[in-house]
Protein chains: 2
Amino acid sequence: MTERQNKRVTSVDIAKAAGVSQSTVSRALANDQRISETTRREIKKLAARLGYTPNEMARSLQTQKSTMIGVIMADLQNPYYPAVLEKLTQKIHAMGRQLLLLSVPDGVSVDEMLPSMLSYQVEGIIITSAVLSSRMHDHLRDLNTPVVLYNRSVESFFINSVCCENVVASRKVADLLVRGGNSRVAFIGGHVDTSTHRERRIGLQEGLRQHGLDIVSEDVGGNSYDGGYRAALNLLSQTPRPDAIFCIADVMALGALDAARSGLGLSVPGDVSIVGFDDIPAAAWPAYDLTTVRQPSESMVGKALSLLLEPKGSPPAAVRVPGELIIRGSARLG
Amino acid sequence: MTERQNKRVTSVDIAKAAGVSQSTVSRALANDQRISETTRREIKKLAARLGYTPNEMARSLQTQKSTMIGVIMADLQNPYYPAVLEKLTQKIHAMGRQLLLLSVPDGVSVDEMLPSMLSYQVEGIIITSAVLSSRMHDHLRDLNTPVVLYNRSVESFFINSVCCENVVASRKVADLLVRGGNSRVAFIGGHVDTSTHRERRIGLQEGLRQHGLDIVSEDVGGNSYDGGYRAALNLLSQTPRPDAIFCIADVMALGALDAARSGLGLSVPGDVSIVGFDDIPAAAWPAYDLTTVRQPSESMVGKALSLLLEPKGSPPAAVRVPGELIIRGSARLG
DNA sequence: CTGAAAGCGCTAACAG
DNA sequence: CTGTTAGCGCTTTCAG
C-alpha cells in the first residue's frame, strides 16, 4: 500500500485535475449560472471522486460571515433542556448551519464563556437559563452579534428573549388550585434572581389574591431534584401544613412528590396537591403523573432562531408564548 | 450618538493604534519571548481596551489545524446522555477547544451528517450511541480526522472506542439475580444491531448458564421509556411469568417498573426483580430506587478525549472501563 | 527585538 | 462562459 496523502483536497486540486481555473471550480460548485452545464457536471463529478469537502473556515473568512450559531446552556442537568437542545441542533442543521455548544459550570458567569465563542465568529448566540451583564450585551451589540435569551427575560435593557407566559400560566394554576379546595398554597422557586422565578411567583400570588389568599410559605430548590426534595421536606414540616405546592420546575416537583410520599408518608394529592412547570417526559410517567404547565419548546425554539436571524437592526423583541396546563393526577384542581 | 463602527477589531487595528507592525501584535499576543516586555504590555493593554477578539477562523486557516471537536449524539432523549454531554463540553472548553454538536434524527445515518461537520475542519469526532460505515471510516482516515466511538464498539474494522465492560457487568447481574432466588430471567434490549445490546445480552446469558439457566424471554424497547414499558407489559403477560427483568438502559427499566406496578399491579421486587444499566439520576429517586450498573461517565469521557487527541498514528484502541453495580431496592439479589 | 511578505482556501469583483 | 487578481485575519519564515 502506498503512503497516504493525508492532505485534504482543495478546490485547487480539483481545478488542476479538471484543467480549469480555481475560480471556475468555486463557481461550478456554487451552482453559478454562468458556468456551462458540461464543465459544471465534470467538476462536480471530479469533486465527488476526489472526496472534496469545502473548507468552511476559508469561506467564512472571505465572506465575512459565519454559519455557526453559539448555544450556551446553563442547566443541562435539568431534564427540560435536553429536548430543547435536540430541537436546536436539528433546526440549526436544517438551516445549513452548525451549533457550537458551551455549558456553564456552576459558579461561572456567562460573561466568562462568551469570548471563547466570539473568537469563532458565531453568527449569533442563544443563551438558555442565564443572562448577560449589560456590559457584555453592549459589547455584543458593537460586534453586531445578535443574542437571544431562552427562558429568561431582562427588563433593564433591551435584548431579545423568548419565554413562556409565566405570569398568566401561574395565575391560572393558583386559580384552579383554590377552586379545587386548596387554601394553603406553598411555593418552591429556583433561584430568586431569575425572571422565571419572579414571574411564576408573581402569577401565583396574583391568582391567590383574587381569592383573598396569599402564598403561605416558600423556599427555593435551585432547579434540581434534590433541591425540590429538601424544600418540600421543609415546607411540609411546618404547621399548619400547606395543602398544595407549586414548583417552578418539574424536576423540583418530582423531588417534592417523593419527599411528600416517600419522605413523609403523605398522600398526593390527598394530603397535598403538587403542580410543576415545563412538562418534562418524567411528568407523564405513572409513578409521578404530575400536573404541570407545558412549555411549548418546539415553537419556542423556532421563535428563538428566527429572532436570532432576523435582519440586523430590527428592534429587540420579548416574545411570549402561552403555556398549556396539562392536568394529570398530582393535584386537586377546580 | 455616533454611527456604530460595526466592525470587529483586528490585529491590524491594534498595530495601527500601537504604531507597530501587525506581526508584532501577533507575536506579543502569543507571548513570543522575542518581544520586549514594554511593547508586549502596551499591545495587550491596547487589545483589551479596543475589545479585540482573535479570529479563530483565520488562525486555523493559517495553522492548518482546528480547535473544534465534533460531537455526534444519537440519543439525546436518553437521560444518560445529558450528563455525558455536559462533561464533554466542560472538558473540551477546559482544553481551550470548542464543541460542535450534531444530533442524529431518527432514521438518519451518521454518515449523512458527517460531511457538514468535516467542512468545519474539526480536529476529531466523538460519536455516541451510533456507528460509522466502514466506507466513511476509511474516508476519515484519509482525512486524518480521528474518531472515537462512545458506548459502541465495532469488531469488523479498527476504530477507537470507549465502552463499559458490558459482558462482565451483565454476567455479574445474572449471577446475583439467580443467587437472589430469581430463576426466570427476561431481557429487554435496545436495538438488536448494537454492540451494547449484544454484549449485555451475552453477559446475562453467560451468567445464567453458569447456573444451568437461560434467558426465558426477551423483547426490545429501543432505549426509550415507552419502549421499556411496552416490552415489560409483553414479557410479564407470558406464562410462566418471568420473575426478573434485566434492561440494558435505565430509562427502559423505569418504564418496565411502571408497567409492572401501575400497569399490572405487581410488586417490585416482590413479584419481579428489575435491574437496569447506566445509573441515570432518576434511578436513585425513591419512586424507582432502581438497582443498576453505573457507567462511569466521568472517566469514560476523559478516556474518549485522550484517545481522540492522542498523537496521530497510534494504533486504534478499544478502551473498556468497569461498570459498578449499584444495589438499590428494585431487585432480589444474592 | 521588529518589520515585510508570503500564504492558508476560499469568494467576488473585474476583464475578457 | 472562464481566467486573473485581490484579499479576508492570521501565523510564520526570512531579513534586518
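Letters A, B, ... mirror the listed sequences (proteins, then strands); counts begin at 1.
Between the side chains of A:S161 and A:S153, no donor-acceptor pair is found at a separation under 3.5 Å.
OP1 and OP2 of D:dG9 both lie 4.0 Å or more from every side-chain N or O belonging to B:S11. Here A:Y52 reaches the OP1 or OP2 of C:dC10: one of its side-chain N or O atoms lies under 4.0 Å away.
The nucleotide whose nearest atom lies closest to any side-chain atom of B:Q62 is, among C:dG9, C:dC1, C:dC8, C:dC8. Nearest nucleotide to the B:Q64 side chain, out of D:dC10, C:dC10, C:dG9: C:dG9. Listed nucleotides: D:dT11, C:dC8, C:dG3. Nearest to the side chain of B:L61: C:dC8. In this structure, of D:dG3, D:dG7, C:dC10, it is C:dC10 that holds the atom nearest to the side chain of A:Q22. Side-chain proximity of B:T63 to D:dG9, D:dT12, C:dC10: nearest is D:dT12. Residue B:A58 places its side chain closer to D:dC10 than to any other of C:dC14, D:dC10, C:dC1.
The side-chain heavy atoms of B:R27 and B:R34, taken from C-beta on, include a pair separated by under 4.5 Å.
Below the 3.5 angstrom threshold, one finds a donor paired with an acceptor across the side chain of A:S23 and the base of D:dT4.
With A:E298 as the partner, the side-chain hydrogen bond (donor to acceptor under 3.5 Å, both in side chains) test is satisfied by one option alone out of A:K87, A:K91, A:K303: A:K91.
We find that A:R97 and A:E123 are joined by a salt bridge, their nearest charged nitrogen and carboxylate oxygen being less than 4.0 Å apart.
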